[in-house]
Amino acid sequence: MVVTRFAPSPTGYLHIGGLRTALLSYLWARKNNGTFLLRIEDTDFSRNDEAAALAIVEAFKWVGLQHDGKIEYQSSRLEIYKQHIQQLLNEGKAYKCYMSKEELEALREEQTQRKERPKYDNRYREFTGTPPEGREAVVRIKAPLEGSITVHDGVKGDVVFNVHDILDDFIIARSDGTPTYNFVVAVDDALMGVTDVIRGDDHLSNTPKQIVVYQALGFPIPKFFHVPMIHNHDGKKLSKRDGATDVIAYKTMGYTPEALLNFLVRLGWSHGDQEIFSMVEMLELFDPSDINRSASVYNVEKLDWLNSHYLKNMTNEKLCELLEFHGVMLISHDKREILLDAVKERAKTLSEMAMLISEILVKPAGFEEAVLKKGYKEDSKEVLEKFSTALRAAKELHLPSDYHHVMESVVTEMGIGFGKIGQPLRIALLGKLSGPGLDSVMAIIGVEETLERINTLISY
RNA sequence: GGCUCCAUCAUCUAACGGUUAGGAUCCCAGGUUUUCAUCCUGGUCACAGGGGUUCAAAUCCCCUUGGAGUCACCA
């Protein structure tokens, strides 16, 4: 049985890095018919936890991830933590420390001055006397005084930490009685039966502390997989500016969940030369042991490429559905197939596609001088008039090919190249010099609208 | 600063002692197209540096350099 979990702190939204570790945990659990838990780490009683959890679930829903069971809030598990703290106290594996914050501060100051590592001096470790008056105590765990702690990591290998360098009797309960992060994480993961902890490698140096807790409580230590961070182009932690925004923002920008997930799974993981992974393939092929050890850089170009790939291979029905979010309603449009075929291969995102569609459906608001100069020459008017005439004479114009035949006949009759009619016609229809095939555009808007737009340009 | 991790094209990556170091994105060129995009073909570009080990090193070891993470009564 494999149990994984995603355990974000409530920041208000799910960002791209979080989604990646969530995805990997999800894949590994599902692949093994295991369980994927969602736990909100809100031990500091931040006010926004429930709303934040909902935001995460909403993002999960959009990309198609689904956690198992109910969402666990650490803030509602206080009693459990207190029990375990008491247990350690009873067993003499933890103790109360009456040192004040000021004293601690002073000690650290001193140590830093002596170029020593700031570290608690164990002054209350074996304390049996009467506590100082009116002091609230913190609870410290008895950490090993020497030797080393080895983290057996599925990604990084065995990582050895020397107790001397990193550990002291760290605080597991604050003076107000609330437990601290490293304690609750270990307790929760153990109690919830988490077998495989997949998380960012910024947690690697926390792991020895958590192992101390596991051992003190007699819990089995899970497997750890510390996955490398995602960096920006400067090699720094991803920030909002770089795209580490709310996952839902990707929906707004017109990315599809398939592309986003495919992009994320390929960051730090690969399977031979394969670039495209469906959810089914990810489930079949993913193994956290294959995750790379080094950090990777977030680059939008690849995401864009993947997104356009998925857009190109999407059915028009599905496209139509997704475009509604971007304000384009095509359900009852009779030329919907032609329209979508014309734009689906030219857009990187859905919002871009929505724009292309409106450029076709809405007549040009005007004509730019530069555009006219480049594409509307002296003979253009004559060509367009001839074309209009031919259009009026033609019968049964429905398909792009029907319109193409008309264009062809005019070109042949006049003994000119396609370019002579293409450029001015494109300006008339779209107001610009590039865009979808003209035969498709005309088939979409119909003869009347086509004639009208040509007329508008001629008399401009 | 201590500790830990990391190091292959601009970017994501393949190679798990033996390859002309492969694929993809980006970029460039050519073809296709009425235009742009798509698509097709081709091209440019990498083992951070230095020592070892070995018949043989991108791969194993050490050092240097560079980058990142972490060191709280934050999570």
Side chain of [X] only, heavy atoms from C-beta on: which candidate in [options] is closest?
{"X": "Glu345(A)", "options": "U35(B), G22(B), U38(B)", "result": "U38(B)"}
{"X": "Gln74(A)", "options": "C5(B), A75(B), G23(B)", "result": "A75(B)"}
{"X": "His203(A)", "options": "A75(B), C26(B), G22(B)", "result": "A75(B)"}
{"X": "Glu301(A)", "options": "G23(B), U35(B), C26(B)", "result": "C26(B)"}
{"X": "Asn299(A)", "options": "U4(B), U11(B), A75(B)", "result": "U11(B)"}
{"X": "Arg108(A)", "options": "U35(B), A72(B), C12(B)", "result": "A72(B)"}
{"X": "Arg426(A)", "options": "A68(B), U35(B), C5(B)", "result": "U35(B)"}
{"X": "Phe418(A)", "options": "A75(B), U34(B), U25(B)", "result": "U34(B)"}

Does any nucleotide pair with [N] by Watson-Crick or G-U wobble geometry, both distances under 3.5 Å, and what is it?
{"N": "A15(B)", "value": "none"}
{"N": "C27(B)", "value": "G43(B)"}
{"N": "C5(B)", "value": "G67(B)"}

Could you tell me if [Y] and [X] have a donor-acceptor pair between their side chains, going purely by distance under 3.5 Å?
{"X": "Asn316(A)", "Y": "Glu337(A)", "result": "yes"}
{"X": "Tyr124(A)", "Y": "Asp169(A)", "result": "no"}
{"X": "Asn206(A)", "Y": "Tyr181(A)", "result": "no"}
{"X": "Thr207(A)", "Y": "Arg199(A)", "result": "yes"}

Can you find a donor-acceptor N/O pair under 3.5 angstrom joining the side chain of [X] to the base of [N]?
{"X": "Asp165(A)", "N": "G2(B)", "answer": "no"}
{"X": "Asp202(A)", "N": "A68(B)", "answer": "no"}
{"X": "Lys156(A)", "N": "C5(B)", "answer": "no"}

Is the backbone N or O of Glu72(A) less than 3.5 Å from a side-chain atom of Ser76(A), with the two atoms forming a donor-acceptor pair by type?
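Between the backbone of Glu72(A) and the side chain of Ser76(A) there is no qualifying donor-acceptor contact (under 3.5 Å).
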Would you find a donor on one side and an acceptor on the other, under 3.5 Å apart, between the side chain of His84(A) and the backbone of Ile80(A)?
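A pair under 3.5 Å: yes.
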Looking across every strand, which nucleic acid part, if any, lies under 4.0 Å from [X] by heavy atom: base, sugar-phosphate, or nothing?
{"X": "Ser175(A)", "answer": "base"}
{"X": "Phe161(A)", "answer": "sugar-phosphate"}
{"X": "Pro436(A)", "answer": "base"}
{"X": "Asp439(A)", "answer": "base"}
{"X": "Met353(A)", "answer": "nothing"}
{"X": "Ser434(A)", "answer": "base"}
{"X": "Val138(A)", "answer": "base"}
{"X": "Val411(A)", "answer": "nothing"}
{"X": "Gly375(A)", "answer": "nothing"}
{"X": "Gly419(A)", "answer": "sugar-phosphate"}
{"X": "Leu267(A)", "answer": "sugar-phosphate"}
{"X": "His226(A)", "answer": "nothing"}
{"X": "Asn292(A)", "answer": "sugar-phosphate"}

Between [M] and [N], how far apart are the [atom1] atoms? Round to whole Å, please.
{"N": "G22(B)", "M": "A15(B)", "atom1": "P", "value": "14 Å"}
{"N": "U59(B)", "M": "G67(B)", "atom1": "P", "value": "22 Å"}
{"N": "G2(B)", "M": "C63(B)", "atom1": "P", "value": "15 Å"}
{"N": "C61(B)", "M": "G17(B)", "atom1": "P", "value": "12 Å"}
{"N": "U33(B)", "M": "C28(B)", "atom1": "P", "value": "22 Å"}
{"N": "C60(B)", "M": "U53(B)", "atom1": "C1'", "value": "8 Å"}
{"N": "U54(B)", "M": "C39(B)", "atom1": "C1'", "value": "49 Å"}
{"N": "C40(B)", "M": "A7(B)", "atom1": "P", "value": "34 Å"}

Strictly below 4.0 Å: does [X] bring a side-chain N or O up to OP1 or OP2 of [N]?
{"X": "Lys312(A)", "N": "C39(B)", "result": "yes"}
{"X": "Ser205(A)", "N": "C3(B)", "result": "no"}
{"X": "Lys236(A)", "N": "G67(B)", "result": "no"}
{"X": "Arg293(A)", "N": "U4(B)", "result": "no"}
{"X": "Ser308(A)", "N": "U38(B)", "result": "no"}

How do Lys101(A) and Ser294(A) order along RNA chain B: which one's closest nucleotide is nearer the 5' end?
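Between the two, 5'-proximity favours Ser294(A).
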Taking the nucleotide of RNA chain B with the closest heavy atom to each, which residue, Thr180(A) or Leu438(A), is nearer the 5' end?
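Nearest nucleotide further toward 5': that of Leu438(A).
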Separation of [N] [atom2] from [X] [atom1] (nearest whole Å):
{"X": "Lys432(A)", "N": "U35(B)", "atom1": "NZ", "atom2": "C1'", "value": "10 Å"}
{"X": "Asp290(A)", "N": "C16(B)", "atom1": "CG", "atom2": "P", "value": "14 Å"}
{"X": "Leu429(A)", "N": "U34(B)", "atom1": "CG", "atom2": "C1'", "value": "12 Å"}
{"X": "Asp168(A)", "N": "C3(B)", "atom1": "CG", "atom2": "C1'", "value": "13 Å"}
{"X": "Glu275(A)", "N": "U11(B)", "atom1": "CD", "atom2": "C1'", "value": "12 Å"}
{"X": "Asp201(A)", "N": "C71(B)", "atom1": "CG", "atom2": "P", "value": "13 Å"}
{"X": "Leu306(A)", "N": "C26(B)", "atom1": "CG", "atom2": "C1'", "value": "13 Å"}
{"X": "Tyr310(A)", "N": "U38(B)", "atom1": "OH", "atom2": "C1'", "value": "18 Å"}

Angle between ring planes, His404(A) versus Phe418(A), binned at 30° and 60°: parallel, tilted or perpendicular?
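His404(A) vs Phe418(A) ring planes: parallel.
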Straight-line distance of Arg20(A) CZ to Leu267(A) CG, nearest 0.5 Å
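So the gap between those two atoms works out to 5.5 Å.
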Within 45° of the six-membered ring axis of Tyr120(A) and under 6.0 Å from that ring's centre, is NZ or CZ of Arg140(A) located there?
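The answer is yes, since Arg140(A) meets both limits relative to Tyr120(A).
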Would a 4.5 Å heavy-atom cut-off, applied to side chains only, mark Glu359(A) and Lys432(A) as touching?
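A side-chain contact exists here, since the closest heavy-atom pair is under 4.5 Å.
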